[in-house]
Every structure is written in C-alpha cells, then in structure tokens.
Amino acid sequence: MQMTFRWFGKEKDTVSLDQIKQIPNVVGVVPALHDLPAGEAWTMDRVQAMYDEITASGLTMECIESVNVHEDIKIGLPSRDRYIENYKESIRNLSKVGVKVICYNFMPVFDWTRTDLYMPLSDGSTCLCYDGKQVEGKSPEDMFREIDDNSNGYAMPGWETERMGEIKELFEKYKDVTADDLWANLKYFLEAIMPTCEECDVKMAIHPDDPPWSIFGLPRIITDKTAVEKLLAIVPSKYNGLTLCTGSLGASPNNDIVEIIKSAGDRIYFAHLRNVQINNQWFNETAHESNAGSLDMYEIVKALQEVGFDGYIRPDHGRMIWGEVARPGYGLYDRALGACYLNGLWEAVEKSRK
Ligand code: DNO
Ligand code: MN
C-alpha cells in the first residue's frame, strides 16, 4: 500500500508539498488539473509540469483524482464521443508519466454534497455535515444560497458561483435520464475507454456517490454493494475498478463496508479512509478513529488486507482543527492525524496477521 494525500495544486491549496512530505510515511500526492473544465483533454505539457513539480519535492504521482467526466457522457448525448476521445488522450498522457490509477465519479451535476461545511463539534473543531431534512423539498438554488452564506470563499465541487448559471439548463437535460440510462451510459463510457486503459496500463477506479442516494431528483447509481457488484460485472476488465470511499458508502446505514470490500476484492485500487457519524439521512464527518464515528476502521483495514489490497490509500475529509483556515475537508492537520492513525492501524493489522 502507498499512503498518499490529496493535493489541489500550488494555487488552490493551503497545504504545501513540503508540508505533505513531512507527514510520516506519506509518499505520494493525489492531484488533478482543477482549472481544466470536465471534458477537456489534459495536454502532455500540463501533465508533465504537474509531475515535475510533485516529484521534485520527493513525492510520487501515481494516482489522479479526478479526471472528471463531462455531463454529456453521463446524459448520453451524441456529443459524448468527442469527450470520450479527449478522455482517452488524458489517459494516454497521464500514463506517460507513470500514472497507474484514475479516480473519477459518475454523479449527475454535483459531486459530494453537504448542507453545512462548518458544523461545530463538541471539541471546538468543525466538520462537514449533511442533514437530509434540510434538502427535502429544496431546489439547488435554495441550497446554494444557504451554503453560500457560510462558505468562507470555498465552494463544494460543482457548487461554484459561476456554475449556478448553468444548473437550470443541466437539470433540464437530465429530466428524462433514469438510473437505468445512467448505467447504460456508464457502461458505454467504460467500454469505450477500456482498450486505452489496457494499452496504457491505467486502472479506472470509480468513486461512490456521496451521499449514496438520489438528491434533487437526480439519479445516483454507485450507492451500495449490489451496485458495486453490477459495476464490476457489466465491464469485467480488471481495468474497471473501485475507489473504496468508506465515508461515502458508510453514510447509509444499509451499507456494510467490510462486506463491500470482500465482494469487490482485488478490484479496489484506491481507498479513501474516513469515518462518519450517521443517523438516518443525517451524517457528519468525524476524526478518522473508530471511536469517533459509526465505522469500525480496524475491521475495514483488516478486510482490505485480507483481500490483498495493494493500491493507494489516502485519509479523506478531515475536520478543521487548531484554528486552521483551509478548504473545508482538506486542511492539513486533521488529515495528517488521520494518515498517522491509518498508518498505525495498517502496521498493527499487518504484523498481527503474520
Ligand atoms: C469525497 C471525495 C470526492 C471525490 C470525487 C472523485 O469523498 O473523495 O469528492 O474526490 O468524487 O471524483
Ligand atoms: Mn472519498
């Protein structure tokens, strides 16, 4: 396993590569070209520059999060073929600098969604929280206004001010898209890019939907064990795999993460390990430790080792602690604590299995 840390780039991240390098046993970063709109090809120049910058600081860049999928691909419009060609070019260019895994998601319109980015916890820290009741009956525009009131200059992915203008139009395009259509469009996309992935030895690792249920009437399909099994079965190539995000799947009380790990087995290439406290359509993120939330991180790490997991791990969203001001979920301190905890768990489980 390789312990990594997500990095948004020099311009967009409050955390530096030098700081990441000092977290014990974090050997790589998981970056992306966040300024490029979904659908555009990642040119070799840009990929090379990102690689040079990261490796110059002594860190690896073998896993990318995310190469975003254009909405036309998810909706299944005829224009998708053009965007798929661009996607293949990005895969080819990333493979040239040694990228092995691409994390992406297939959520319509929005990525992870929360109702509060600064929920106070009893220890004085803040965390991200989702309250299903607050979303019920609301339009994205209503939600946007509320989130914007407490956003502190940061937006959730897909909730940027400039994007709100196109939201109505996007919803219109999605109005007849069912969950079955989304499945068919995902299959079409994966089948189209698999030959490139095989040729370049780059594995695709889908990120589950977060939260793992439909929001604002938009279908969401990567939500549970059945869905993961279906995903792996409809395109059986080993280049079609999973990012196991414990906090995303774990937000639903119906999901048993250990069972999902056992079922996905050696098709898990990337793991986002974090804890959540859940209670019926409500969840908030917590410190990574098992006793902080609803998930048993020890059992999760053990299951990963039992299926022979040999991919990339990163701590996922952290709380905001010690007065840090950073992108919600992506500060340095709590994620560094998370990485240390996960490293300790990993070592303990590994040695006890010998
Ligand atoms: C939340 C994050 C996600 C992830 C994207 C990948 O759990 O890990 O926002 O980065 O969905 O495309
Ligand atoms: Mn995640």
Side-chain angles (χ1 to χ4, degrees), residues 4-9 12-13 29-34 36-39 42 63-71 73-74 87 90-91 94 99 101-114 117 127-130 154-160 186 189-190 203-213 215 218 220-223 227-228 231 241-252 255 257 260-261 264 268-276 278 283-286 288 293 295 297 300 304 311-319 327-331 334-335 338-339 342:
T4 60
F5 212 72
R6 191 173 193 185
W7 189 57
F8 288 88
K12 298 200 174 207
D13 209 315
V29 293
V30 177
L33 294 173
H34 291 280
L36 293 185
W42 293 20
C63 181
I64 298 292
E65 177 178 347
S66 313
V67 182
N68 284 324
V69 177
H70 195 276
E71 300 292 345
I73 297 177
K74 297 182 225 168
Y87 209 98
S90 303
I91 295 171
L94 287 165
V99 167
V101 170
I102 292 175
C103 168
Y104 71 105
N105 72 71
F106 218 72
M107 290 175 250
V109 189
F110 303 111
D111 194 317
W112 58 265
T113 301
R114 300 289 182 270
L117 302 177
C127 69
L128 312 186
C129 145
Y130 181 91
Y154 287 102
M156 295 185 284
W159 290 81
E160 298 79 11
L186 175 57
F189 166 67
L190 285 170
K203 294 187 169 112
M204 296 301 293
I206 199 166
H207 189 285
D209 302 343
D210 183 356
W213 52 76
I215 55 167
L218 296 165
R220 287 192 158 196
I221 54 174
I222 310 298
T223 53
V228 168
L231 164 87
L242 178 70
T243 295
L244 180 91
C245 180
T246 59
S248 299
L249 288 165
S252 165
N255 284 339
I257 307 293
I260 294 174
I261 295 171
I268 304 171
Y269 303 127
F270 188 22
H272 289 177
L273 302 186
R274 65 177 157 91
N275 210 341
V276 278
I278 63 168
F283 62 89
N284 66 268
E285 299 180 358
T286 68
H288 287 71
L295 304 180
M297 303 309 285
I300 287 170
L304 280 172
Y312 307 89
I313 295 185
R314 69 169 183 79
D316 210 348
H317 302 162
R319 300 162 302 148
R327 176 190 299 274
Y330 289 99
D334 200 40
R335 283 190 303 150
L342 296 170

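First listed ligand is number 1; within each ligand, the first listed atom is number 1.
Using a 4.0 Å cut-off between heavy atoms, Asp111 contacts ligand 1 through its side chain alone, with no backbone atom that close. Heavy atoms of Tyr330 found under 4.0 angstrom from ligand 1 belong exclusively to the side chain. Under 4.0 Å from ligand 1, not a single heavy atom of Thr243 appears.
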Step-by-step side-chain hydrogen bond (donor to acceptor under 3.5 Å, both in side chains) determination, Tyr330 to His317:
CA-CA 6 Å; Tyr330 289 99; His317 302 162; 3.1 Å; yes
Is there a side-chain hydrogen bond (donor to acceptor under 3.5 Å, both in side chains) between Glu65 and His272? Walk through the geometry before answering.
CA-CA 11 Å; Glu65 177 178 347; His272 289 177; 2.9 Å; yes
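Nearest-residue assignment for atom 2 (C) of ligand 1 (options Arg274, His207, Glu285; heavy-atom criterion): His207.
Residue His317: no N/O/S atom is found under 2.8 Å from the Mn ion (ligand 2). The Mn ion (ligand 2) has an N, O or S atom of Asp316 under 2.8 Å away, backbone or side chain.
The ring of Tyr87 has its center closer than 6.0 angstrom to the ring center of Phe189.
If you number the atoms of ligand 1 from 1 as listed, the ones under 4.0 Å from a heavy atom of Glu65 come out as 4 (C), 8 (O), 10 (O). Those atoms of ligand 1 that come under 4.0 Å of a heavy atom in His272, given as number and element, are 8 (O). Residue Asn105 has at least one heavy-atom neighbour below 4.0 Å for each of these atoms of ligand 1: 5 (C), 6 (C), 11 (O), 12 (O). Every atom of ligand 1 is numbered from 1 in the order shown, and the set under 4.0 Å from a heavy atom of Arg314 is 8 (O). Those atoms of ligand 1 with a heavy atom of Met107 less than 4.0 angstrom away are 11 (O). Of all atoms in ligand 1, numbered sequentially from 1 with element shown, those under 4.0 Å from a heavy atom of Trp112 are 1 (C), 2 (C), 3 (C), 9 (O). Ligand 1 places these atoms under 4.0 Å from at least one heavy atom of Ser66: 5 (C), 6 (C), 12 (O). Near Cys245, meaning under 4.0 Å from any of its heavy atoms, are these atoms of ligand 1: 7 (O).
Taking CZ of Phe5 as the start and CG of Asp13 as the end, the distance is 8.5 Å to the nearest 0.5 Å.
Annotation for Asp111 and Arg220: closest pair O-NH2, 3.0 Å, computed over non-hydrogen atoms.
Looking at His272, its N, O or S atom nearest to the Mn ion (ligand 2) turns out to be ND1.
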